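What follows is a single structure, written as structure tokens, with notes after it.
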Amino acid sequence: MYSATTGLWYRDKRFLPGGILSPSGKPVVWSRGNGWVAGGHVKTLKALPSTERHTAEYRDALTRLVRALAGVQRTDGFWNVNLADAAHLPGPETSGTSFFLYGTSYAIAAGLVDRNTYLPVAARAWNGMVSTAVHTDGFLGYVQNVGDRPESSQPVTYNTTANFGVGAFLLGGTELALLPR
């Protein structure tokens, strides 16, 4: 459920203002939920012809999301599990971050956002994940497991992973690598 005020998405009606809140009373805006939105928009835009009547709507929605995400990225390149409350589950989380890397890199390549402004966002995400979440044997950690909210499958640690997180990481890294130098 889209919030025009923040540019971010609530998982479902339970999380709308006045619904489920963080322990400090702030909204719960799930990183990976927004990640699925970013990834879905990229996949859709890659499949739609530019002349399709909804293409502009998908481009605009992805652009607004990428711009909103840049404002809540952590200095280490990750995004928190709850995008609306940095103190709620504050550790690194790879699946949301990977999907945001994918969406941001695609938005740069498609000319939806300014390369000079958003390439550093993508580079911070990639560098943060590679230096923090990728083990020496290639295992990818800090992936929140299956669940329906930020509190699901906690704690997220160096040793937690899931197949969809690895897939998102590969999508994000590939999209970043495809950007012209």
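Just so we're clear, the structure is a prediction, and the values are computed from it rather than from any experiment.
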Taking side chain as C-beta onward, heavy atoms only, is [X] less than 4.5 Å from [Y]?
{"X": "K26", "Y": "N82", "answer": "no"}
{"X": "V134", "Y": "F169", "answer": "yes"}
{"X": "V113", "Y": "L62", "answer": "no"}
{"X": "S24", "Y": "H88", "answer": "no"}
{"X": "D85", "Y": "V29", "answer": "no"}
{"X": "K43", "Y": "L171", "answer": "yes"}
{"X": "M1", "Y": "F15", "answer": "no"}
{"X": "T132", "Y": "D76", "answer": "no"}

Residue pair [X] / [Y]: nearest heavy atoms and the distance that separates them:
{"X": "S98", "Y": "G165", "answer": "OG-O, 4.2 Å"}
{"X": "P27", "Y": "A84", "answer": "O-CB, 3.4 Å"}
{"X": "V66", "Y": "A107", "answer": "CG2-CB, 4.1 Å"}
{"X": "G103", "Y": "A38", "answer": "CA-CB, 4.5 Å"}
{"X": "S105", "Y": "G172", "answer": "OG-O, 4.3 Å"}
{"X": "Q73", "Y": "V121", "answer": "NE2-O, 3.1 Å"}

Gap separating the [atom1] atom of [X] from the [atom2] atom of [Y], nearest 0.5 angstrom:
{"X": "N34", "Y": "Y2", "atom1": "CG", "atom2": "OH", "result": "10.5 Å"}
{"X": "Q154", "Y": "L89", "atom1": "CD", "atom2": "CG", "result": "4.5 Å"}
{"X": "E93", "Y": "R32", "atom1": "CD", "atom2": "CZ", "result": "6.0 Å"}
{"X": "W126", "Y": "L176", "atom1": "CH2", "atom2": "CG", "result": "7.5 Å"}
{"X": "L112", "Y": "T63", "atom1": "CG", "atom2": "OG1", "result": "4.0 Å"}
{"X": "L48", "Y": "Y58", "atom1": "CG", "atom2": "OH", "result": "6.5 Å"}

With a 4.5 Å cut-off on side-chain heavy-atom distances among I, L, V, M, F, W and Y, is there a chain of contacts connecting [X] to [Y]?
{"X": "Y10", "Y": "L21", "result": "no"}
{"X": "Y142", "Y": "L69", "result": "no"}
{"X": "V81", "Y": "V166", "result": "no"}
{"X": "Y118", "Y": "V42", "result": "yes"}
{"X": "F139", "Y": "F78", "result": "no"}

By side-chain hydrogen bond (donor to acceptor under 3.5 Å, both in side chains), which residues pair with N145, not counting sequence neighbours?
-> none
Donor-acceptor pair, side chain of S152 and main chain of D148, under 3.5 angstrom = yes
Quick one: does S3's side chain have a donor or acceptor within less than 3.5 Å of a partner on L8's backbone?
-> no
Angle between ring planes, [X] versus [Y], binned at 30° and 60°: parallel, tilted or perpendicular?
{"X": "F100", "Y": "W79", "value": "perpendicular"}
{"X": "W9", "Y": "H41", "value": "tilted"}
{"X": "H135", "Y": "Y158", "value": "parallel"}

Between W36, W30, F164, which is the residue that forms a ring pair (Phe, Tyr, Trp, His ring centres under 6.0 Å) with F99?
-> W36
Could you walk me through whether V28 and R149 pass the side chain to side chain contact (heavy atoms under 4.5 Å, CB included) test, one step at a time?
-> CA-CA 8 Å; V28 175; R149 66 185 71 208; 5.6 Å; no
Can you tell me if CG on N163 sees more than 12 non-hydrogen neighbours from other groups inside 6.0 Å?
-> no
Apply the test side chain to side chain contact (heavy atoms under 4.5 Å, CB included) to residues V143 and S95: give CA-CA distance (whole Å), side-chain angles for both, the deciding distance (0.1 Å), then the verdict.
-> CA-CA 5 Å; V143 178; S95 64; 4.1 Å; yes
Evaluate the side chain to side chain contact (heavy atoms under 4.5 Å, CB included) criterion for residues L101 and T97: first the C-alpha distance (whole Å), next the side-chain angles of each, then the deciding distance (0.1 Å), finally the verdict.
-> CA-CA 6 Å; L101 169 62; T97 298; 5.7 Å; no
